[in-house]
Amino acid sequence: MIESRANAQVKKVCKLNKSARYRKQEQCFAAEGFTMVEEALRYGEVRRVYVSEAARDEYEKRLLHKIKDTGVEWVSERVFREMSDTATPQGVLALVEAPRYRRDELTEAPDAAFICLEDIRDPGNMGTIFRTAVGAGMTAVVLSGQCVDLFHPKVVRATMGALFRMPFYAVSDMADEVGRLQRDGFTVYAAGPGAERDYTACSFQGKTGILIGNEANGLRPETFAQADETIAIPMEGEMESLNAAVSAALLMYEIRRKR
């Protein structure tokens, strides 16, 4: 039983929750809550599970038979609250290896469909896009260097497990990555104001990439200009744009519908 906040494992979990640099260095992150830990055990590489005293019955009912060779540490209620990133902890969290995918393998499929996110900063938007990408059958999510950290605790929770089921990779410059995708045979569409073609008029056949930009500023001009086609989502009234996650969802499901 871990009963001290000075315990090295407790300090490590707290640091992982707070520091993107440390998460990158350690190549792991904390997944908190029963649903996330179940998803991690099903799809991910779990290093260790931490359970509070109060969560023992729920742990034995939902997780005990799934643990296998994963180490389990029991933690006092007081210490678990220190390790938790939530206001009302469920009493279970796991340290999980950060998933890694090879770009060249993801781009090989003749009908690959990528959602490319440039500078998405809101954890809720990122989580919703990942969940929708799984539901719409996308091949991968591409993240620019200025996106919110995918392994931030708020993003991890917002994905509701989709983080473990949707392949992804990060790039330093999205405009450069668009050029690479085009050389790999992708047709890349940029969504944004000023585009004239209705997104429902596109065929979205073959290798396809969709660009979605920052919540406040949209796509960077150089990225928007790099696309093969620019597309618009029709808007009634005086609204200028939709939420980034909503726009991404409409486009991803249009790809699914067309195929």
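In this chain, numbering begins with 1 at the start of the sequence shown. All values below come from the heavy atoms of this structure, side chains included, with hydrogens, waters and symmetry mates left out.
- Side-chain N/O atoms of N125 and N243 include a donor and acceptor closer than 3.5 Å.
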Determine, stepwise, if the pair E177 / Y169 fulfils side chain to side chain donor-acceptor pair (under 3.5 Å).
-> CA-CA 11 Å; E177 177 60 16; Y169 66 92; 2.6 Å; yes
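- In this structure R256 satisfies the side chain to side chain donor-acceptor pair (under 3.5 Å) test with no other residue, sequence neighbours excluded.
- Residues R157 and P153 meet the side-chain proximity criterion, which asks for heavy atoms closer than 4.5 Å.
- Qualifying side chain to side chain donor-acceptor pair (under 3.5 Å) partners for R21, counting only residues two or more places apart in sequence or in other chains: none.
- Comment: R165 engages E39 in a salt bridge, judged by a side-chain N to carboxylate O separation of less than 4.0 angstrom.
- A continuous path of Ile, Leu, Val, Met, Phe, Trp and Tyr side chains, each step under 4.5 Å between heavy atoms, connects I212 with L219, placing both in one hydrophobic cluster.
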Please test E26 against K15 for salt bridge (Lys or Arg N to Asp or Glu O under 4.0 Å), starting from the C-alpha separation and ending with a verdict.
-> CA-CA 11 Å; E26 294 295 309; K15 191 172 181 180; over 6 Å; no
Using the salt bridge (Lys or Arg N to Asp or Glu O under 4.0 Å) rule, take E215 and R121 through it: C-alpha gap first, then chi angles, then the decisive distance, then the call.
-> CA-CA 7 Å; E215 292 90 346; R121 301 299 302 163; over 6 Å; no
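- At a threshold of 4.5 Å between non-hydrogen side-chain atoms, the residues Q27 and P99 do not count as touching.
- Ring planes of F151 and F29: parallel class, angle under 30° (limits at 30 and 60°).
- Side chains of K12 and Y22 form a contact here, defined as non-hydrogen atoms less than 4.5 Å apart.
- Clustering ILVMFWY residues whenever any of their side-chain heavy atoms sit less than 4.5 angstrom apart, transitively, puts M160 in a cluster other than the one holding F130.
- Not counting sequence neighbours, the partners of A175 by the side chain to side chain contact (heavy atoms under 4.5 Å, CB included) test are D173, E222, T223.
- Interatomic distance, L251 CG to I115 CD1, rounded to the nearest 0.5 Å: 6.5 Å.
- No side-chain donor-acceptor contact under 3.5 Å links N17 to the backbone of A30.
- Summarising the geometry, atom CG belonging to L181 is positioned 10.0 Å from atom CD belonging to Q226; distances are rounded to the nearest 0.5 Å.
- Salt bridge D184/K207: absent, no basic N to carboxylate O contact under 4.0 Å.
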Could you please spell out the steps behind the side-chain contact (heavy atoms from CB on, under 4.5 Å) verdict for S4 and V79?
-> CA-CA 7 Å; S4 171; V79 171; 5.7 Å; no
For the pair N217 and D119, evaluate side-chain contact (heavy atoms from CB on, under 4.5 Å) and give the outcome as yes or no after the intermediate values.
-> CA-CA 9 Å; N217 304 311; D119 306 350; over 6 Å; no
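- Counting heavy atoms of neighbouring residues, nucleotides and ligands inside a 6.0 Å radius, atom CD of E73 exceeds 12 of them.
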Audit row: I210, M252, side-chain contact (heavy atoms from CB on, under 4.5 Å) steps and yes/no = CA-CA 8 Å; I210 299 290; M252 287 189 282; over 6 Å; no
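- For K18, the side chain to side chain contact (heavy atoms under 4.5 Å, CB included) criterion is met by no residue, not counting sequence neighbours.
- Remark: N7 pairs with no residue by the side chain to side chain donor-acceptor pair (under 3.5 Å) rule, at least two apart or across chains.
- Residue pairs meeting the side-chain hydrogen bond (donor to acceptor under 3.5 Å, both in side chains) criterion with at least one member in residues 128-141: none, sequence neighbours excluded.
- Looking at residues two or more places apart in sequence or on another chain, you find no ring-ring contact (aromatic ring centres under 6.0 Å, His included) involving Y43.
- Annotation: the span from I231 atom CD1 to R197 atom CZ amounts to 9.0 Å, rounded to 0.5 Å.
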Using atom types as modelled, flag every donor-acceptor pair under 3.5 Å from a side chain in residues 59-67 to any protein atom, sequence neighbours excluded.
{"unit_1": "R62", "atom_1": "NE", "unit_2": "E38", "atom_2": "OE2", "d": "3.4"}
{"unit_1": "R62", "atom_1": "NH1", "unit_2": "E58", "atom_2": "OE2", "d": "3.3"}
{"unit_1": "R62", "atom_1": "NH2", "unit_2": "E38", "atom_2": "OE1", "d": "2.8"}
{"unit_1": "K66", "atom_1": "NZ", "unit_2": "E38", "atom_2": "OE2", "d": "3.4"}

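- Smallest separation of non-hydrogen atoms from E118 and R220: OE1-N, 2.8 Å.
- Listed for the R103 side chain is no donor-acceptor partner under 3.5 Å among the backbone atoms of T107.
- Hydrophobic clustering (ILVMFWY, side-chain heavy atoms < 4.5 Å, transitive): V49 and W74 are in one cluster.
- When every heavy atom of P234 is checked against every heavy atom of D198, the shortest pair comes out as CG-OD2, 3.1 Å.
- In terms of heavy-atom proximity, Y50 sits nearest to Q9 at OH-OE1, 2.6 Å.
- Considering every non-hydrogen atom in both R259 and A113, the closest pair reads NH1-CB, 3.8 Å.
- The backbone N or O of V156 lies less than 3.5 Å from a partner atom in the side chain of T159, making a donor-acceptor pair.
- Residues Q182 and D228 have side chains that bring a donor and an acceptor to within less than 3.5 angstrom of each other.
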Below 3.5 Å, can you tabulate the donor-acceptor pairs from side chains in residues 86-96 to any protein atom, sequence neighbours excluded?
{"unit_1": "T86", "atom_1": "OG1", "unit_2": "E32", "atom_2": "OE2", "d": "3.3"}
{"unit_1": "T86", "atom_1": "OG1", "unit_2": "S84", "atom_2": "OG", "d": "3.0"}
{"unit_1": "Q90", "atom_1": "OE1", "unit_2": "F34", "atom_2": "N", "d": "2.9"}

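- Using a distance-only test at 3.5 Å, with no hydrogens or angles considered, no donor-acceptor pair links the side chain of E108 to the main chain of L106.
- Partners of P123 by side chain to side chain contact (heavy atoms under 4.5 Å, CB included), not counting sequence neighbours, listed by chain and number: V148, K154, V155.
- Judged purely by atom type and a 3.5 angstrom limit, R5 has no side-chain atom pairing as donor or acceptor with the backbone of R78.
- Considering only heavy atoms from C-beta on, L211 comes within 4.5 Å of V178 through its side chain.
- Residues M1 and M83 do not share a hydrophobic cluster, clusters being chains of Ile/Leu/Val/Met/Phe/Trp/Tyr side chains in contact below 4.5 Å.
- Hydrophobic clustering (ILVMFWY, side-chain heavy atoms < 4.5 Å, transitive): Y253 and Y199 are in distinct clusters.
- To the nearest 0.5 Å, atoms OG1 (T200) and CZ (R257) are separated by 7.0 Å.
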Using residues 185-192 as the side-chain source, report each donor-acceptor pair under 3.5 Å to any protein atom, sequence neighbours left out, with the distance given to one decimal.
none

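- For the atom pair NE2 of H152 and CG of L16, the computed distance is 12.5 Å after rounding to the nearest 0.5 Å.
- Here the closest non-hydrogen pair linking A31 and V37 is O-CG2, 3.5 Å.
- For the side chain to side chain donor-acceptor pair (under 3.5 Å) test, residues two or more places apart in sequence or in another chain that qualify with E77 are S52.
- Scanning all heavy atoms of the two residues, the minimum distance from G213 to I120 falls at O-CD1, 3.1 Å.
- Atom CE of M174 and atom CG of L117 lie 6.5 Å apart (nearest 0.5 Å).
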